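Please read these numbers as outputs of a predicted model, since none were measured by experiment.
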Amino acid sequence: MENVTGVMQRLGLARLAAMVVVAVLLLGFFGFLIFRATSPQLAPLYTGLSFEDSSAIVSQLQSSGTTYELRGEGDTILVPRDQITAIRMNLAADGLPTNGQVGYEIFDNQSTLGATSFVQDVNLIRAMEGELARTISSLARVRTARVHLVLPKRELFRRERVDPTASITLGVRGNLSSSEINAIQYLVSSAIQGMSPSQVSIIDDSGRLLAAGNGSEDQGVVASDMYDRSIALESRLRNELEELVGNIVGAGRVRVQVSAELELNRTTQSTETYDPEGQVVRSTQTREVANSSVGANDGGAVSIGNELPGATPVNGAGTGASDQASTTEETINYEISKSTQTQIFEAGAVKRLSVAVLLDGIYIDDGNGASTYQPRTEEQLAQISALVSSAIGFNAERGDQIEVTNLQFAERADLAAIGTEGPSLFDFTRDDLMSAAEMLVTLLISIALILFVMRPLLKRVLEPEEPLPLADLTADGSAQMSAEMAIDAATGGGGAANEGPDIMGDARSHGEAQTRTLAKVGDLVGEHPKQASVIVRDWLNQAA
């Protein structure tokens, strides 16, 4: 303890305070770094939640002891990044988030005992609306969804039937295409018995009508669908042709444009064909008639008896000459073969294709580091044209057109194909940028702390203090003597004391002077112990 006390006294109060401040700052800085490195990285669990879902999810997280953080107005919940998947699975097992909709779980929390049919019907409609809203909200382009169903109940002894209808309000990200709108209509109509897709009306959160739902096919939607199909066909053919021709002329040295015209009308065609050579007997009818005439002796008298077949003359009358004749009729009915053919041509068939292919030429090195442009030959253009015709299914009867032209491009194409480059060095995600910003701020704070706080304090601690000049040794201040001279005079100087006639008097006076000098030195050391210790330490160093 005496050594520790001595060291503290030698350092002084200022140096001890500076050392304590530096130690506290260092401990705080390294503690911050350790806390920042060991603290979990939070990431959004869910965003855009309703207050009901946020409250339910927070309750689940609190019960499980999971660290979380609320952002915004409570619609965003952040949890540790490495636990997001497990937390979402646990919440999904509990039916969270519900997106503000009630699904079929409404029947799990209610007792059917004593419930009326009206209540059951209302709960069924609510459950179906909630489940459909959840399914629609799971689409990538849909942010929120709300579904309203009208399910008419058929009454007894009523022949008229009212079809069910649905109305949907969507909160979308961007704009929905016609195919996505049709997909939502078919999704809802397939889930409701007796509902057709044309009975589903859709609007977005800005009030725009996406689907009319007036009970008939919307011609505008059909035309828009045909337009999307033509764009998709053109894009597919363009990519395929650029890849095909690019393998021949080089990547980036070909440009292809495709114009596809689709059939917008739905056509039904019926044809009946008769084949006169293909006759078939349908029915045959034969009729035979026999006629006979008989001459009698009684002058040709006609009676019932002699008109009967096989009659014999009555009363011995003699028979005369008789004539017999027969007639045969045959009727044959033939069936001519007939074929009936009905063809239905749906809308969307390719009506005509027009393809334009632009090729760059060949660049030849002239030996001086420059390139010379050389156009392609007609034979190469003909081969490429035949290749393109075969690739698109060229049909001259349909009116297809193909044009292959060789022109010099304004800028020379690179050797690497566009889009085939690897990931760039500067392709950072949002998390990478945030981490880099945190590291940069921490580095700047560290540099400022070292330069402006720690460096001056360490410099002050390590800088040696200059000894203060000793005070006057005599009371009146006429004689000045350093501490070294005073101690030297107190310990030595006996050579001149033996000289002189009054040796004892000189010795007495000299002793008194030494006593006064030693008393002055003791007082000086008591007033300035630090400077005295520095002087003694310097003496020891010089002696060593």
Side-chain angles (χ1 to χ4, degrees), residues 46-54 56-57 75-76 91-92 95-109 118-154 161-229 231-232 347-348:
Y46 291 110
T47 59
L49 296 172
S50 61
F51 289 108
E52 294 81 3
D53 289 340
S54 297
I57 293 175
D75 57 350
T76 301
L91 293 176
L96 293 174
T98 61
N99 296 326
Q101 302 290 340
V102 180
Y104 286 118
E105 66 272 7
I106 190 175
F107 297 105
D108 299 334
N109 302 326
F118 174 77
V119 174
Q120 293 294 332
D121 293 340
V122 172
N123 290 338
L124 177 60
I125 294 177
R126 290 181 58 192
M128 296 176 67
E129 291 176 349
E131 294 295 335
L132 288 174
R134 292 176 184 177
T135 304
I136 297 174
S137 299
S138 64
L139 300 179
R141 300 289 297 276
V142 178
R143 180 168 42 86
T144 58
R146 188 172 179 83
V147 180
H148 299 279
L149 299 178
V150 178
L151 305 178
K153 186 175 181 181
R154 184 175 180 180
R161 179 175 176 269
V162 181
D163 295 332
T165 58
S167 57
I168 304 174
T169 303
L170 300 178
V172 297
R173 301 180 180 93
N175 296 323
L176 295 179
S177 62
S178 60
S179 60
E180 293 173 334
I181 296 173
N182 293 337
I184 294 175
Q185 286 184 307
Y186 279 96
L187 174 67
V188 176
S189 63
S190 300
I192 306 299
Q193 183 180 4
M195 181 182 294
S196 63
S198 59
Q199 298 290 345
V200 180
S201 59
I202 304 175
I203 64 172
D204 60 2
D205 50 0
S206 61
R208 293 183 303 170
L209 180 63
L210 304 180
N214 53 6
S216 60
E217 295 294 336
D218 192 359
Q219 297 297 328
V221 174
V222 175
S224 178
D225 182 52
M226 291 296 105
Y227 177 76
D228 292 340
R229 292 181 62 178
I231 293 297

Checklist entry - Quick one: side chain to side chain donor-acceptor pair (under 3.5 Å) partners of Ser179, sequence neighbours excluded? => result Ser177

Checklist entry - What are the two closest heavy atoms between Ser189 and Ser196, and how far apart are they? => result CB-C, 3.7 Å

Item to check | Charged N-O contact under 4.0 Å between Glu131 and Arg134 | outcome: yes

Checklist entry - With sequence neighbours excluded, what pairs up with Asp121 under the side chain to side chain donor-acceptor pair (under 3.5 Å) test? => result none

Checklist outcome for this item: Given the options Thr135, Ile202, Leu132, Val200, Ile184 meets side-chain contact (heavy atoms from CB on, under 4.5 Å) only with Ile202

Item to check | Non-hydrogen atoms of Met128 and Ala191 that approach each other most closely | outcome: CE-O, 4.2 Å

Item to check | Arg143: partners by side chain to side chain donor-acceptor pair (under 3.5 Å), with sequence neighbours left out | outcome: Asp205

Checklist outcome for this item: Closest non-hydrogen atoms of Pro164 and Gln199, given as atom of the first, atom of the second and distance, are O-CB, 3.7 Å

Item to check | Leu139 CG to Leu176 CG distance, which is reported to the nearest 0.5 Å | outcome: 8.5 Å

Item to check | All pairs passing salt bridge (charged side-chain N to carboxylate O under 4.0 Å, His left out) where residues 181-193 contributes a residue, at least two apart | outcome: none

Checklist entry - What salt bridge (charged side-chain N to carboxylate O under 4.0 Å, His left out) pairs are there with at least one residue in residues 164-178, not counting sequence neighbours? => result none

Item to check | Closest approach of Thr144 to Val142 (non-hydrogen atoms, all atoms of both residues) | outcome: O-CG1, 3.4 Å

Item to check | Non-hydrogen atoms of Ala166 and Val188 that approach each other most closely | outcome: CB-CG1, 4.0 Å

Checklist entry - What distance separates Leu151 CG from Asp163 CG, expressed to the nearest 0.5 Å? => result 11.5 Å

Checklist entry - With a 4.5 Å heavy-atom cut-off, do Asn175 and Asp204 have their side chains touching? => result no

Next on the checklist: Could you measure the distance from the CG atom of Leu149 to the CZ atom of Arg126? Nearest 0.5 Å is fine.
Outcome noted: 13.0 Å

Next on the checklist: Any heavy-atom pair between the side chains of Val172 and Arg141 that's under 4.5 Å?
Outcome noted: no

Next on the checklist: Considering only residues two or more places apart or on different chains, which pairs with a residue in residues 182-196 satisfy salt bridge (charged side-chain N to carboxylate O under 4.0 Å, His left out)?
Outcome noted: none

